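Just so you know, these numbers come straight off a predicted model, no measurement behind them.
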Amino acid sequence: MFRTARHIVLYMGMAFTMLIALHSLRYLFDGAESVSALSETDALLEYLSGRQSTFWHSFSISQKPLYHLNEFAVVGHISAASIALLAGILQLTPFIRQNAPLLHRASGYLYAFTAILGLGLGAYISFSLPMIGGTKTIISNVIGGALGIGFVVVSFIYISKEQYLKHAQWMLRSYAVLMAILTVYLLVAVFALMGLDAERGYGLAHMICFPINLILVELFIRKSSSSGILVLTPSQ
């Protein structure tokens, strides 16, 4: 039962993540102007809540000049994180992991490089841009970025020692940190539907997105380890 539910959640999550990551890669082509596309979600929030929603419209107007001033860092952060999300999907796919070790290894190096770059630039722009949510947002982003980078480094230490299970567990933890990029926007939407003001909702979303993801992945790791599901074969 757990194995079936796990596969359903896994592949649905992969599909959703792939769509968001591919959509976010528009920053590679349109640069800082891509922030304007965020305002499209206001119509959806208004439809779901029955209340007028202008949060993302106001956000894009306030952030656009700041995004242009730090365009290289912003585009690098979003593009690298999006590529890391896609590379992580290859890492998590059981068939690739078990039957295509070279692709698994190559995607692992790509994931490590882009995840570290994306998380590092994310922490940097938290200081460079006046973040909605204030100090709470900045602290959360810096802690999250440091944790994600640290988890990637630890996972590579374990793979160098041929401890494949530990490597997989720490890669999952790093991916959970990276997935907070998606979780935070889902939480912002939930708080908007609940009627919280934009400043409070955005700050609160950043404060709890990392703990939520890390708790969920830790529960998954413990359940998988106890049932023998999370087993990796060595890359040849």
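Residues passing the ring pair (Phe, Tyr, Trp, His ring centres under 6.0 Å) test with F59, sequence neighbours excluded: W56, Y202. In this structure, F16 has no ring pair (Phe, Tyr, Trp, His ring centres under 6.0 Å) partners at least two apart in sequence or on a different chain.
A chain of hydrophobic side-chain contacts below 4.5 Å, direct or via other Ile, Leu, Val, Met, Phe, Trp or Tyr residues, connects L22 to L186. In the hydrophobic clustering of this structure, L110 groups with M14; members are Ile, Leu, Val, Met, Phe, Trp, Tyr whose side-chain heavy atoms approach within less than 4.5 Å, directly or through other members. Neither L90 nor F151 shares a network with the other; the hydrophobic side chains, linked directly or stepwise wherever heavy atoms of I, L, V, M, F, W or Y lie under 4.5 Å apart, form separate groups for each. With hydrophobic clusters built from ILVMFWY side chains whose heavy atoms lie under 4.5 angstrom apart, I96 does not share a cluster with I159. I139 and L214 fall within the same hydrophobic cluster, defined by Ile, Leu, Val, Met, Phe, Trp and Tyr side-chain heavy atoms under 4.5 Å apart, directly or through other members.
From D30, atom CG reaches atom CG of L25 across 11.5 Å, with rounding to the nearest 0.5 Å. One finds the CG atom of L92 at 8.0 Å from the CE atom of M171 (value rounded to the nearest 0.5 Å). Atom CD of residue Q91 and atom CG of residue L86 lie 12.5 Å apart, to the nearest 0.5 angstrom. Atom CD of Q169 sits about 12.5 Å away from atom OG of S174, to the nearest 0.5 Å. Atom NE2 in H206 sits 10.5 Å away from atom CD1 in I138 (nearest 0.5 Å). Atom OG of S79 sits about 9.5 Å away from atom OH of Y27, to the nearest 0.5 Å.
When all heavy atoms of P65 and I61 are compared, the pair lying nearest together is CD-O, 3.4 Å. Contact detail for A80 and T114: the closest heavy-atom pair is O-CB, 3.3 Å. Taking both residues in full, the closest heavy atoms of M179 and L85 are given as SD-CD2, 3.9 Å, listed atom of the first, atom of the second, then distance. Taking both residues in full, the closest heavy atoms of A205 and V188 are given as CB-CG2, 3.7 Å, listed atom of the first, atom of the second, then distance. Between L178 and A81, the shortest heavy-atom distance links the atoms CD2-O, 4.1 Å. Listed here is the closest heavy atom pair of F191 and G201: CD1-O, 3.4 Å.
Taking the six-membered ring where the residue is Trp, Y109 and F156 present tilted rings, their angle falling between 30° and 60°. Using cut-offs of 30° and 60° on the angle between ring planes, the pair H167 and H104 is perpendicular.
Between the S155 side chain and the V152 main chain, a donor and an acceptor come within less than 3.5 Å of each other. Judged by distance alone, the side chain of T41 and the main-chain N or O of L38 form a donor-acceptor pair under 3.5 Å. Looking only at distances, no side-chain donor or acceptor of Q163 sits under 3.5 Å from a matching main-chain atom of Y158. At least one donor-acceptor pair closer than 3.5 Å links the side chain of Y111 to the backbone N or O of Y175. Between the side chain of R222 and the backbone N or O of L219 there is no donor-acceptor pair closer than 3.5 Å. When atom types are taken as modelled, the side chain of N213 and the backbone of V177 share no donor-acceptor pair closer than 3.5 angstrom.
Residues I212 and L187 form a side-chain contact, since some pair of their non-hydrogen atoms from C-beta on lies under 4.5 Å apart. When side chains are defined from C-beta on, I215 does not count as touching E218, because their heavy atoms never get closer than 4.5 Å.
With hydrogens and angles left out, the side-chain atoms of D42 and T54 include no donor and acceptor closer than 3.5 Å.
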- [ ] Could you walk me through whether S24 and I20 pass the side-chain contact (heavy atoms from CB on, under 4.5 Å) test, one step at a time?
- [x] CA-CA 6 Å; S24 297; I20 298 299; 4.1 Å; yes

TODO: Would you sort out whether F220 and L172 count as a side-chain contact (heavy atoms from CB on, under 4.5 Å), showing the intermediate values?
DONE: CA-CA 10 Å; F220 176 82; L172 280 172; 4.1 Å; yes

Task: Criterion side-chain contact (heavy atoms from CB on, under 4.5 Å) on E33 and K64, from CA distance to verdict - done: CA-CA 7 Å; E33 286 295 322; K64 185 182 291 187; 3.5 Å; yes

- [ ] Go through V190 and M194 one step at a time and tell me if the side-chain contact (heavy atoms from CB on, under 4.5 Å) criterion holds.
- [x] CA-CA 6 Å; V190 170; M194 292 171 59; 3.9 Å; yes

Expected list for residues 117-131: side-chain donor-acceptor pairs under 3.5 angstrom, two or more places apart:
from : atom 1 : to   : atom 2 : distance (Å)
S126 : OG     : G122 : O      : 2.9
S126 : OG     : N141 : ND2    : 3.0
S128 : OG     : Y124 : O      : 3.2

